[in-house]
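Here is the structure we will look at.
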Amino acid sequence: MNFAGLVEVNTPKETHTFQEKEGLKYFQVDNTEVGLPPNSDLEPGKYEGGLRIWECSIDLLRYLKTIRIPQRVLELGCGHGLPGIYCMQQGAQVVFQDFNKEVLEYATMNNVKANCGSLEGTFLSGEWQDMSHLGKFGLILSSETIYNPLNYQKLLTAIKSSCEGVALIACKAFYFGVGGGSESFIKEA
């Protein structure tokens, strides 16, 4: 398959400490394990926070339990991938995308294996872009990804180019210190 600028990640890195949220296992990964500065949630262009379980991903996971999940799902900025994993458990084919390859290797892929019994799905690292080369998706998920207004157009391009159903963006009204939030994203959309 042509991933047009995205890098497919195929091999997880071993992690050992796992916890559980909303009935799903996830592996706790420290930034220093993957060569990132300790106690850092964000380094623009280098690390975009995917090793942390963000509150809105749990809210999104809870909401998903109330709806019918379509056949194909794309999770943008997946981090630990818990919403996408839930969709897999419901029978969906899921593409997990995150800015950082390390997040996919240490967190997402291990979480998929722990919750689904095998390494299913497609895992892509890189920036948001036109995703039409991946085909159309009945559901696009994204959580805590609109904190930086400079990335809105990239995220909107990814969504508009590949969505044939619904896009669910779980977010805060305002992200203090970085300036993004739901109101400014809606205005941009």
Side-chain angles (χ1 to χ4, degrees), residues 1-12 22 24 48-50 54 56-101 103-105 107-113 115-171 180-182 184-189:
M1 179 179 268
N2 174 14
F3 297 117
L6 295 170
V7 176
E8 185 173 21
V9 180
N10 294 308
T11 308
E22 294 295 313
L24 293 176
E48 298 291 337
W54 294 94
C56 289
S57 67
I58 300 304
D59 294 337
L60 181 56
L61 174 59
R62 289 177 182 145
Y63 179 74
L64 289 170
K65 293 178 180 181
T66 70
I67 66 170
R68 184 185 145 293
I69 305 300
Q71 178 70 30
R72 294 193 76 228
V73 175
L74 171 62
E75 187 172 1
L76 297 170
C78 65
H80 281 265
L82 298 184
I85 290 168
Y86 173 78
C87 293
M88 286 182 110
Q89 292 177 331
Q90 306 311 302
Q93 298 170 346
V94 180
V95 174
F96 295 91
Q97 180 279 332
D98 198 88
F99 181 80
N100 293 97
K101 176 180 142 199
V103 169
L104 295 168
E105 292 172 326
T108 318
M109 296 173 93
N110 285 306
N111 294 343
V112 168
K113 281 175 59 176
N115 289 287
C116 299
S118 65
L119 194 56
E120 303 172 35
T122 302
F123 304 88
L124 303 174
S125 69
E127 292 210 34
W128 294 318
Q129 59 183 309
D130 182 322
M131 300 282 190
S132 60
H133 57 280
L134 299 176
K136 294 293 184 181
F137 295 87
L139 179 60
I140 295 179
L141 306 171
S142 197
S143 178
E144 303 278 10
T145 54
I146 63 165
Y147 54 86
N148 185 346
L150 297 176
N151 292 327
Y152 288 175
Q153 281 306 311
K154 292 178 194 175
L155 179 59
L156 287 167
T157 296
I159 292 169
K160 290 176 181 180
S161 66
S162 58
C163 187
E164 68 177 2
V166 175
L168 298 175
I169 311 297
C171 61
S182 59
S184 60
F185 182 74
I186 289 168
K187 285 179 184 175
E188 187 87 14

For Gly126, is there any backbone N or O sitting under 3.5 Å from a side-chain donor or acceptor partner on Gln97?
yes
Salt bridge (Lys or Arg N to Asp or Glu O under 4.0 Å) against Lys101, all qualifying residues, sequence neighbours excluded
Glu105
Under the side-chain contact (heavy atoms from CB on, under 4.5 Å) rule, collect the residues that match up with Ser132, sequence neighbours excluded.
Asp130, Ser161
By side chain to side chain donor-acceptor pair (under 3.5 Å), which residues pair with Lys154, not counting sequence neighbours?
Glu127
Quick one: does any side-chain atom of Ser162 pair with a main-chain N or O of Lys136 as donor and acceptor, under 3.5 Å?
no
ring-ring contact (aromatic ring centres under 6.0 Å, His included) partners for Phe123, two or more places apart
Phe96
Please list, chain by chain and in numerical order, all residues satisfying salt bridge (Lys or Arg N to Asp or Glu O under 4.0 Å) with Glu75, sequence neighbours excluded.
none
Take Val166 and Ile67 through the test side-chain contact (heavy atoms from CB on, under 4.5 Å) and record every step on the way to the result.
CA-CA 12 Å; Val166 175; Ile67 66 170; over 6 Å; no
State, with a plain yes or no, whether a side-chain heavy atom of Val112 is found less than 4.5 Å away from one of Met109.
no
According to side chain to side chain donor-acceptor pair (under 3.5 Å), who are the partners of Gln93, at least two apart in sequence or on a separate chain?
none
Listed partners of Asn110 passing side-chain contact (heavy atoms from CB on, under 4.5 Å), at least two apart:
Pro12, Thr15, Phe27
Residues that Ser143 engages under side chain to side chain donor-acceptor pair (under 3.5 Å), provided they are two or more places apart
none
Testing Val95, Thr122, Leu124 one by one against Leu74 for a side-chain contact (heavy atoms from CB on, under 4.5 Å), which residue passes?
Val95
Please examine the side chains of Cys87 and Leu141, heavy atoms only from C-beta on, and report whether any two atoms are closer than 4.5 Å.
yes
Output for pair (Met88 CE, Ile69 CD1), nearest 0.5 Å, gives 13.0 Å
Residues Asn115 and Asn111: closest non-hydrogen pair is ND2-O, 2.8 Å
What are the two closest heavy atoms between Ala170 and Leu60, and how far apart are they?
CB-CB, 3.9 Å
Does some side-chain heavy atom of Leu24 sit less than 4.5 Å from a side-chain heavy atom of Gln89?
yes
Value rounded to 0.5 Å, distance of CD1 in Ile146 from CD1 in Ile186:
7.5 Å
Do Ile169 and Ile159 come close enough that some side-chain heavy atom pair is under 4.5 Å?
yes
How long is the span from the NZ atom in Lys160 to the CD1 atom in Ile140, to the nearest 0.5 Å?
12.0 Å
OH-SG distance between Tyr147 and Cys56, expressed to the nearest 0.5 angstrom
13.0 Å
Under a 4.5 Å cut-off applied to non-hydrogen side-chain atoms, are Thr145 and Leu76 in contact?
no
When you compare the side chain of Gln129 with that of Leu6, does any pair of heavy atoms fall below 4.5 Å?
yes
Please report the shortest heavy-atom distance between Gly81 and Thr108, naming the atom on each side.
CA-CG2, 4.4 Å
Listed partners of Lys65 passing salt bridge (Lys or Arg N to Asp or Glu O under 4.0 Å), at least two apart:
Glu22
Sequence neighbours left out, what passes side chain to side chain donor-acceptor pair (under 3.5 Å) with Ser57? Give chain and number order.
none
Run the side-chain contact (heavy atoms from CB on, under 4.5 Å) test on Cys78 and Leu104 for me, step by step, so that the C-alpha distance in whole Å, both residues' side-chain angles and the decisive distance to 0.1 Å come before the verdict.
CA-CA 8 Å; Cys78 65; Leu104 295 168; 3.7 Å; yes
Among all residues two or more places apart in sequence or in another chain, which pass the side-chain contact (heavy atoms from CB on, under 4.5 Å) test with Ser184?
Tyr152
To the nearest 0.5 Å, how far apart are CD in Glu120 and CD1 in Ile85?
10.5 Å
Report yes if the side chains of Leu168 and Leu64 come closer than 4.5 Å at any heavy-atom pair, otherwise no.
yes
Taking all atoms of both residues into account, what is the closest heavy-atom pair of Leu139 and Pro70, and its distance?
CB-CG, 3.4 Å
